[in-house]
Amino acid sequence: SSHFGTERSIPAQRKLAAAFGRGPPLAPTSSGMLFAPAERQASCDRPGGAPVPVTLGICAMEKKATSKPMLSILKLLTRFGDIEIVPFPEEVILNSPVEEWPHPVDVLVSFFSDGFPLDKAEAYCALRQPHLVNDVTAQRILLDRARVYSLLEENGIPHPDAVFAERDPETKALVNGENFEEGDDFLIIGDKKVAKPFVEKPLDAEDHNICIYYPSSAGGGVKRLFRKVGDRSSYFDPGVRNVRTDGSYLYEPFMKTQGTDIKVYTVGAEYAHAEARKSPVIDGVVNRNEDGKEVRYPVVLTPKEKEMARRVCLAFGQWVCGFDLLRTTNGSYVIDVNGWSFVKGIPKYYEDAANLLRAHVLNITGRATRMRTVESLVAMPSVLTEEDGDDKWDAEEEAASCARSDRWEHEELLAVLAVMRHGDRTPKNKVKLVTSLKEFLHLHKKWASGPRKEVKLKAPTQLQEVLDLTYSLLGPDDTPNGSASAKATPPSSDEALIVAEVPEAPAEPEVAAPEVAAPEVERSPLDDRTMEACKHIRVVLAGGHFDGIYRKVQVKPVSWAQNEAGEEEVSEVMVVLKYGGILTPVGEKQAEELGHIFRGEMYPGEDAATGGPSATGLLRLHATQRHDFKVYSSDEGRVQMSAAAFARGLLDLEGGSLTPICVALVETDSQMLDDLPSAALPFIEEEKQKLYARITQPPDEVVEHEESPGSAATPASASSPLKRRDSSYKDG
């Protein structure tokens with residue numbers, strides 16, 4: 001078996017030795033070593049007393065040691081004859097004791113990958129004491145994401161604020177006995193709470209099965225990420241809402257990066273190369289070039305990011321190191337440290353890496369003068385800690401940009417802006433109830449942050465609470481247990497579209513809410529209008545799974561009074577149920593097609609085969625367009641989904657659920673395109689009343705009269721044909 005293994009590894013040994021040796025290919029000895037101790041001295045003799053070259057051992061799995069980037073860099077490294085490569089055969093690494101591993105070597109390159117015996121490499125280093133390019137023992141830290149984050153924290157390197165759930169491998173119980181509570185849209189571990197969307201990562205860094213959980217307000221579901229398989233790196237599962245409890249995981253907030261990840265590669269503390277790629281959280285399709293390699297684009301790091309790269313290299317003891325970086329509107333964060341990594345397919349990087357590695361090897365063995373070192377690329381307090389660091393840097397950058405004398409002498413495209421309306425939707429519906437019922441007053445008190453604050457109920461448990469409240473108010477004489485209402489039809493033409501797009505999920509734990517004791521009172525009697533409103537609300541909420549995008553309940557205080565303690569409390573509220581307004585399949589298609597058109601007409605390219613126009617101009621114009629691409633939307637579901645569909649067409653993403661695209665690319669703002677001053681509201685209300693009168697009254701009965709802003713009276717709506725769209729009720 002040992003002999004077979006040695007013979008099998010000879011091609012890899014010859015591949016390395018022939019590429020970097022100064023003589024003929026080296027054959028392994030009878031022990032399976034490339035050099036025996038006595039043979040090693042003889043092989044290093046040089047005529048004329050020439051200096052013996054530094055021996056650089058390569059102790060890694062065969063696949064990594066003979067990869068194209070590794071071979072390219074090592075070949076450049078040995079071209080001056082002052083460094084000689086000593087490859088460690090994989091069979092020797094796996095099956096021979098460390099005493100029989102190649103020796104002596106002056107400097108050792110050893111790094112972990114799947115199947116590599118890290119404990120044996122540590123034992124070899126302890127036995128032979130070679131100089132190390134990458135600290136071998138420190139590589140154990142890279143295998144545990146919790147330890148990685150801890151070391152990042154100790155060295156002041158920005159990283160996501162993570163919560164850890166470590167479980168016993170046998171019982172699956174939390175080892176620290178902390179509280180673990182899962183709600184509809186959040187997770188509580190101990191005294192820390194993480195709201196969806198959040199990322200779930202196994203603590204085992206070699207496990208790349210990562211999940212992203214989306215909130216019910218975006219449709220819910222989970223995005224499953226994994227190591228690239230063909231052209232796939234993730235898929236979306238709309239039916240899963242509960243986190244995994246079969247192992248140890250960390251949970252961190254999902255960060256929006258406008259659809260890009262950044263890979264940073266250091267060669268020493270003062271050199272870093274960065275590339276951007278399409279994030280796997282978008283559509284899960286891996287973009288590949290003609291050679292089958294993943295498409296990546298060079299990125300210029302900011303001074304802060306360069307300092308982060310320097311600190312990662314030094315903190316983890318990995319002179320050659322790769323790590324993942326996310327750029328967000330709040331700054332850049334390190335989310336993973338990978339250890340030994342090389343850039344693929346860039347000759348300039350190979351040249352730089354070889355020169356730096358050669359200088360480092362000669363320096364640590366005393367063959368060259370000390371390398372130049374930099375304590376810090378930038379002053380750390382002003383870069384990574386001070387709050388005004390971003391503003392200061394932006395101001396300096398803007399001043400330098402404005403100083404360019406030729407900027408306005410020639411046309412320069414600075415940005416392309418587009419403002420669009422949402423796609424085709426179903427009719428919007430609204431139910432209003434002005435009431436002083438104690439049950440609704442308690443609902444407001446439970447969820448609102450203050451007596452004068454409005455509350456929006458979107459979470460599944462919140463909507464379920466409203467539904468339960470209507471059942472209790474209507475009593476057992478009106479469809480007890482909701483059996484009939486679940487089959488009923490709301491007074492709307494689009495009842496089928498009210499149902500969520502995701503399948504029914506299992507029963508979930510309730511959302512934690514502020515502890516407010518419910519008053520022990522008898523159920524309030526209902527008048528006809530309140531009963532009609534409660535029935536209406538019940539029928540809408542009873543239909544299908546709660547998703548929070550197209551159904552929400554608002555509770556607005558309208559009157560206040562002083563209680564016995566002299567405190568202000570709400571005495572009357574307006575309950576508003578909004579539903580419908582769903583982006584239709586036609587609307588989704590409209591938005592996506594507009595994205596395709598925008599891509600082709602705004603950035604025309606040229607088809608290499610036909611010479612005609614194509615839609616590749618966007619990539620040709622700006623290779624890192626994904627990082628400069630921003631999408632903003634109001635918080636309405638139909639607008640968010642329209643924006644996501646447009647982005648899918650513009651960026652030529654794969655079809656499927658819009659939820660991952662919406663969460664990853666679309667920034668929501670409730671005031672988007674609606675930031676009118678309060679002084680304009682009376683005029684808007686007046687025009688609404690005029691339009692309402694013209695729609696609901698015969699033309700000969702419409703009276704045109706001028707009124708001061710905000711003085712128009714609300715027309716009676718008892719017989720209004722719009723009642724099905726905007727049903728208003730007032731109790732008493």
Side-chain angles (χ1 to χ4, degrees), residues 160 184-186 194-199 212-223 236 238 252-260 279 281-283 326-331 417-425 428 447 449 453-460 462-463 500-502 511 546-554 576 578-584 587-588 590-592 594-595 626-651 653 657-676:
D184 293 313
D185 290 325
F186 67 88
V194 184
K196 292 181 181 180
F198 57 67
V199 183
I212 302 172
Y213 295 87
Y214 299 105
S216 56
S217 60
V222 61
K223 189 83 168 183
F236 178 68
E252 63 189 31
F254 176 79
M255 294 184 171
K256 290 191 175 183
T257 63
Q258 302 303 325
T260 58
S279 173
V281 308
I282 305 299
D283 62 353
L326 295 184
R327 278 180 177 172
T328 73
T329 54
N330 297 322
L417 305 178
V419 181
M420 291 163 242
R421 186 181 184 273
H422 60 76
D424 179 67
R425 61 165 174 81
K428 293 189 294 182
W447 295 103
S449 58
K453 296 294 185 179
E454 172 187 341
V455 61
K456 294 182 180 180
L457 307 178
K458 292 184 177 181
Q462 293 174 325
L463 296 179
E501 296 179 347
V502 296
V511 174
F546 299 126
D547 62 5
I549 297 184
Y550 301 115
R551 285 181 292 184
K552 64 181 177 181
V553 175
Q554 297 171 265
V576 183
K578 295 181 179 180
Y579 62 100
I582 303 172
L583 185 69
T584 65
E588 181 179 329
Q590 289 171 340
E592 186 170 358
L594 182 60
R626 292 184 189 278
H627 190 72
D628 297 325
F629 177 61
K630 304 292 189 295
V631 185
Y632 300 94
S633 162
S634 74
D635 61 353
E636 294 291 344
R638 58 186 173 277
V639 183
Q640 295 181 52
M641 291 305 172
S642 294
F646 174 81
R648 183 167 68 188
L650 179 67
L651 299 179
L653 303 176
S657 176
L658 293 175
T659 296
I661 300 174
C662 181
V663 173
L665 293 180
V666 180
E667 293 284 350
T668 59
D669 184 352
S670 60
Q671 299 299 320
M672 181 63 61
L673 303 180
D674 197 27
D675 54 347
L676 295 174

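Computed from a predicted structure; not experimentally measured. Reckoned from all heavy atoms, side chains included, excluding hydrogens, waters and symmetry mates.
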(request) State, to 0.1 Å, how close F236 and G220 come at their nearest heavy-atom pair, and which atoms those are. (result) CZ-O, 3.5 Å

(message) Quick check: closest heavy atoms across L653 and A647, and the distance to 0.1 Å?
(response) CD1-O, 4.4 Å

(request) State whether the side chain of S642 and the backbone N or O of A591 hold a donor-acceptor pair below 3.5 Å, judged by distance alone. (result) no

(message) Strictly distance-based, threshold 3.5 Å: is any side-chain N or O of K256 a donor or acceptor partner for the main-chain N or O of T328?
(response) no

(request) Would you please test Q590 and D424 for side-chain contact (heavy atoms from CB on, under 4.5 Å) and show each step? (result) CA-CA 8 Å; Q590 289 171 340; D424 179 67; 3.6 Å; yes

(message) So, taking the atom named NZ in K223 and the one named CD1 in I212, what distance separates them when rounded to the nearest 0.5 Å?
(response) 8.0 Å

(request) Evaluate the side-chain contact (heavy atoms from CB on, under 4.5 Å) criterion for residues R425 and M641: first the C-alpha distance (whole Å), next the side-chain angles of each, then the deciding distance (0.1 Å), finally the verdict. (result) CA-CA 11 Å; R425 61 165 174 81; M641 291 305 172; over 6 Å; no

(request) Give a yes or no on whether a salt bridge exists between E636 and K578, defined as a side-chain N under 4.0 angstrom from a carboxylate O. (result) no

(message) Strictly distance-based, threshold 3.5 Å: is any side-chain N or O of Q640 a donor or acceptor partner for the main-chain N or O of T668?
(response) no

(request) Using modelled atom types only, decide if a donor and an acceptor are shared between the side chain of T659 and the backbone of A218 within a distance under 3.5 Å. (result) yes

(message) Can you give me the closest heavy-atom contact between E252 and V194, atom names plus distance?
(response) C-CG1, 4.3 Å

(message) Pair D635, K456 - check side-chain contact (heavy atoms from CB on, under 4.5 Å), show working.
(response) CA-CA 12 Å; D635 61 353; K456 294 182 180 180; 4.1 Å; yes

(request) Sequence neighbours left out, what passes ring pair (Phe, Tyr, Trp, His ring centres under 6.0 Å) with F254? Give chain and number order. (result) none

(message) On a heavy-atom basis, which atom in D185 and which in P215 lie closest, and how many Å separate them?
(response) OD1-CA, 3.4 Å

(request) Walk me through it: do E667 and Q258 pass the test side-chain contact (heavy atoms from CB on, under 4.5 Å)? (result) CA-CA 9 Å; E667 293 284 350; Q258 302 303 325; 3.9 Å; yes

(message) Taking the side chain as everything from C-beta on, heavy atoms only, tell me whether I282 gets closer than 4.5 Å to I661.
(response) yes

